[in-house]
Amino acid sequence: MPELPEVEVTRQGIDEPLRGARVLGVRLGKALRWPLGCGSARLVGATLGPVARRGKYLWLPLAREGHAAGGLLVHLGMSGSLALHPGGAAADSAGAPGAHDHFDLVTDHGTLRLTDPRRFGAVVYAPALDRAPASKLLARLGAEPFDPALTAAKLHEALKARRSPIKAVLLGGEVVVGAGNIYACEALHRAGVHPLARSDRLSAARAGRLLQALRATLAQALALGGSTLRDFSDVHGAAGAYQAEAAVYGREGLPCPRCARPVRRIVQAGRSTFYCAGCQRR
DNA sequence: AGTTAAACCTGGTTGC
DNA sequence: TGCAACCAGGTTTAAC
C-alpha cells in the first residue's frame, strides 16, 4: 500500500481529531509484524500529541501530566490503513472489530482502528523516537524528500556513493525515503531516467531532475489523496485517486502518455518495474 | 558491497 | 466450477 503520500494523507486525517485525546483502552487482534511492546497500562490515561511522520512511519506521541511518555510507532505495511471512528466517550464507537482489524486505540475523541489484511504493518511502543525499538527501525532511513536541506547537489552526492540501479536505490529508502514501487516508477518516468541506470552514473543535472520529479510525483499523489489499488483508504474511508494518473505503473503494454511507445515491465529485486524505453534513458 | 531470494500474511485475479 | 499459480502499496534477514 502505503507509500509516503498515503501515510501523509493518513497523518493529516488523524492529527487534528486526535490532538489531546485521552487513551481509554487498547484492543489487540491478530499479531502484526511485531508485538506492541508494552502493556495497556502504559497507554491508558495518556494523552496524544501532534502526529508526526518519518518516511512511511507515523509517530503518535503520548504524554502524562504534561510530560512526554513515549509513543506509538505505526507502519501500514503493504495493505494497512487507519480509520478514525468519532464517537465521543463511546468506547465502542468503532463497532466490533472485523477479521482484519488488528489494533484499536480507544480514546475520548473516538477510536483509531488499524485494518491490515496482510499484517505486514506494525504498531510498536517506544519510550521515545530516539530510543529502541523506534531508533532501530528509523536508523537507516534517508532524507525526507521535501526537506529543503535535501538539495540537488546533496542528492547527487549521495547517489554517487551507490552502484545499484537507481530504481533499487529509490526503493531502498536509505538515500531518500518515501517512494515505494508506484512512485519510484512514476518519478523515474517523469524525470526521464531509466530504472536500470546506475545510481553513481547519474549526472548532477539528472539527479536534480530526479529530485524535482520525485517531489512533483509525491505532491501530486498527496493532493489526490494517494493511490488506492485495492486496500488503501483515508481515515474517513475514502479512496485515493492518483492511480488513474499513473503514466507507467501497472500499465504494461499500454502506450506511454508522452511518447506512445508501449510501457515495459521488468523485475528488479523481486518487484515489478514499469518504464518507457522511449523516454527514459540510462 | 551488490543483488537476489525468502520470509512474514491474506486475498484477488488469471489460467488451465 | 474448481483449483493452482501468480500477483500485490513494504521491510527485514539470510545467503550467494
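Per chain, numbering begins at 1; letters A, B, ... match sequence-line order.
When hydrophobic residues (I, L, V, M, F, W, Y) are linked wherever their side-chain heavy atoms come within less than 4.5 Å, A:Leu254 remains an isolated member.
Residue contacts for A:Ser272: at a heavy-atom cut-off of 4.0 Å it reaches the sugar-phosphate backbone alone, with no base atom in range. When heavy atoms are screened at a 4.0 angstrom cut-off, A:Gly180 is found touching the sugar-phosphate backbone but no base atom. The residue A:Tyr249 sits close only to the backbone: its heavy atoms come under 4.0 Å of sugar-phosphate atoms, none of a base. Counting any heavy atom pair closer than 4.0 Å across all strands shown, A:Arg119 reaches sugar-phosphate atoms only and no base atom.
The side chain of A:Arg265 approaches C:dC7 more closely than any other nucleotide in the set C:dG10, B:dT3, C:dC7. Of the listed nucleotides (B:dT10, B:dC8, C:dG9), B:dC8 has the atom at the smallest distance from the side chain of A:Arg33. Comparing C:dA8, C:dT11, C:dG9 against the side chain of A:Lys56 picks out C:dT11 as the nearest. The side chain of A:Lys136 has C:dT13 as its nearest neighbour among C:dT12, C:dC7, C:dT13.
Look at the P atom in both C:dC6 and B:dA5: the space between them is 14 Å, to the nearest Å. C:dG10 and B:dA1 are spaced 23 Å apart, taking the C1' atom of each and rounding to whole Å. The gap from the C1' atom of B:dG11 to that of C:dT12 amounts to 23 Å, rounded to the nearest Å. Annotation: C:dG2 and B:dC9 have their C1' atoms spaced 24 Å apart (nearest Å).
For A:Thr228, no side-chain nitrogen or oxygen approaches OP1 or OP2 of C:dG9 to under 4.0 Å. Checking the phosphate oxygens (OP1, OP2) of C:dG10, no side-chain nitrogen or oxygen of A:His75 falls inside 4.0 Å.
By the 30° and 60° cut-offs, the orientation of the rings of A:His194 relative to A:Tyr275 is tilted.
Following rounding to the nearest Å, A:Leu229 (CG) and B:dG11 (P) show an atom-to-atom distance of 18 Å. What separates CZ of A:Arg271 from P of B:dT4 is a distance of 13 Å, to the nearest Å. Rounded to an integer number of Å, the gap from CD of A:Glu186 to C1' of C:dG9 is 13 Å. Put simply, NE2 on A:His102 is 9 Å from P on B:dG11, counting in whole angstrom units.
The aromatic ring of A:Phe120 is not stacked on the base of C:dT11, since the criterion of ring centres less than 5.5 Å apart with planes inclined by under 30° is not met.
In the model, A:Tyr183 has a side-chain atom that pairs as donor or acceptor with a side-chain atom of A:Glu6 under 3.5 Å. Residues A:Arg190 and A:Thr217 bring a donor and an acceptor atom of their side chains to less than 3.5 Å of each other.
Of the residues near DNA chain B, A:Ala99 and A:Arg163, the one whose nearest nucleotide (by heavy atom distance) lies more toward the 5' end is A:Arg163. Comparing A:His100 and A:Gly270 against DNA chain B, the residue whose closest nucleotide sits nearer the 5' end is A:Gly270.
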